[in-house]
Peer 1: 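Below you will find the structure I want to go over with you.
What's counted below: heavy atoms across the whole structure, side chains too, no hydrogens, waters or symmetry copies.
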Number of protein chains: 2
Amino acid sequence: MKDALSILRRCKIQPTPQRIAVVEYVLKSKAHPSADDVLSYARKKCPTVSRATVYNTLNLLVEKGLLGMQTIKEGAVVFDSNIEKHHHFVDSETGDIYDIPWDQLEVKGKDKLKDFEIFEFQVILRGRRKKK
Amino acid sequence: MKDALSILRRCKIQPTPQRIAVVEYVLKSKAHPSADDVLSYARKKCPTVSRATVYNTLNLLVEKGLLGMQTIKEGAVVFDSNIEKHHHFVDSETGDIYDIPWDQLEVKGKDKLKDFEIFEFQVILRGRRKKK
DNA sequence: AATTTTATCTTGACATTGTCTAATATAATA
DNA sequence: TATTATATTAGACAATGTCAAGATAAAATT
């Protein structure tokens, strides 16, 4: 029940060869592919698939909750005159970014991550800023 | 002692009108400007300043530790077939992204952030993956 | 089956973010 | 002043993403 076709059907997304190619790759991959990675793969199965279709399909999958989307990679950067360590809160509506003082949050459990040597970390929160 | 000129001198960055314009804006702004925001402002003071110079200067400031840099905004996105909640670890050398199971980390203190209504959050860690 | 309607795809144009190079300008040094 | 080193510029380029218009295909209706 994990083939691309039935996944699409189950989510009421009309299956097409293009969408199947996208889903096959993206839902199996344990890496974190970029849209362009997906495009490259999809073109192997479906050489005429267009960039727009890949983007549309990925967005569809995200809307349906089948796929997560993370803005971790570089590509759009903002600068921060506050060079104290701090966390960030992003207003989902406006995109505004607020600094959260470092000592307001505590992250426990990092020392249990044996596979990783941690240079730095931060908490990113998203939501809505309350009006005063 | 907080004017752009002395800041640049103190850090042994040769002051130029272009750099001063960049520093003035970026070190005072409490918002989180993008490179393009900085460019726009810098051109008010220094109409001929080029995109390259702004980028160069921002990178210089980051290298010297005068400025923080965050990749929070959208612009380059990766997708994630793991739709369970989880945190992320980014390998600083390779750029590889690893999922950290949700229950491995705990973030305390969120309820003290009275000004914000939190829809979601995650911890982003950066460092080096240990080889086995 | 034929036609209309609807959904999907493609192409190509465009915007944004960022890097790079070659040429020029400026400053520092001898 | 002549030389050298450092900064700046313009423009080309690449990557990521959005959008609109027309072409295609599928579904629904008659």
Peer 1: Going by atom types alone, do A/Asn56 and A/Thr53 pair a side-chain donor with an acceptor below 3.5 Å?
Peer 2: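 Short answer, no.
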Peer 1: What's the CE-P distance between B/Met69 and C/dT17, to the nearest Å?
Peer 2: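 Interatomic distance, CE of B/Met69 to P of C/dT17: 14 Å.
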Peer 1: Measure from the side-chain N and O atoms of B/His88 to the backbone N and O of B/Ile124, and report whether any donor-acceptor pair falls under 3.5 Å.
Peer 2: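 Checking the backbone N and O of B/Ile124 against the side chain of B/His88, no donor-acceptor pair under 3.5 Å is found.
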Peer 1: Rounded to the nearest angstrom, tell me the gap between atom CZ in B/Arg19 and atom P in D/dT6.
Peer 2: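 So the CZ-P distance, B/Arg19 to D/dT6, works out to 11 Å.
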Peer 1: Which ILVMFWY residues are connected to B/Leu125, directly or by a chain of links, through side-chain heavy atoms under 4.5 Å apart?
Peer 2: A/Phe89, A/Tyr98, A/Ile100, A/Trp102, A/Leu105, A/Val107, A/Leu113, A/Phe116, A/Ile118, A/Phe121, A/Val123, A/Leu125, B/Phe89, B/Tyr98, B/Ile100, B/Trp102, B/Leu105, B/Val107, B/Leu113, B/Phe116, B/Ile118, B/Phe121, B/Val123
Peer 1: Just by protein heavy atoms under 4.0 Å, how would nucleotides 9-28 of chain D read 5' to 3' in B, S and -?
Peer 2: BB-----SBBB---------
Peer 1: Distance check needed: C/dA28 P versus B/Lys12 NZ, whole Å only.
Peer 2: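 Whole-Å distance recorded here is 15 Å.
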Peer 1: Side chain of A/Arg19, backbone of A/Gln14: donor and acceptor closer than 3.5 Å?
Peer 2: yes
Peer 1: Just how far, in rounded Å, is C1' of D/dT8 from CG of B/Leu60?
Peer 2: 13 Å
Peer 1: So, A/Asp115 and B/Arg129, do they make that salt bridge, N to O below 4.0 Å?
Peer 2: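 Between B/Arg129 and A/Asp115 there is a salt bridge, with a charged N closer than 4.0 Å to a carboxylate O.
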Peer 1: Does the A/Arg43 side chain pair with the main chain of A/Val49, one donor and one acceptor, at a distance under 3.5 Å?
Peer 2: yes
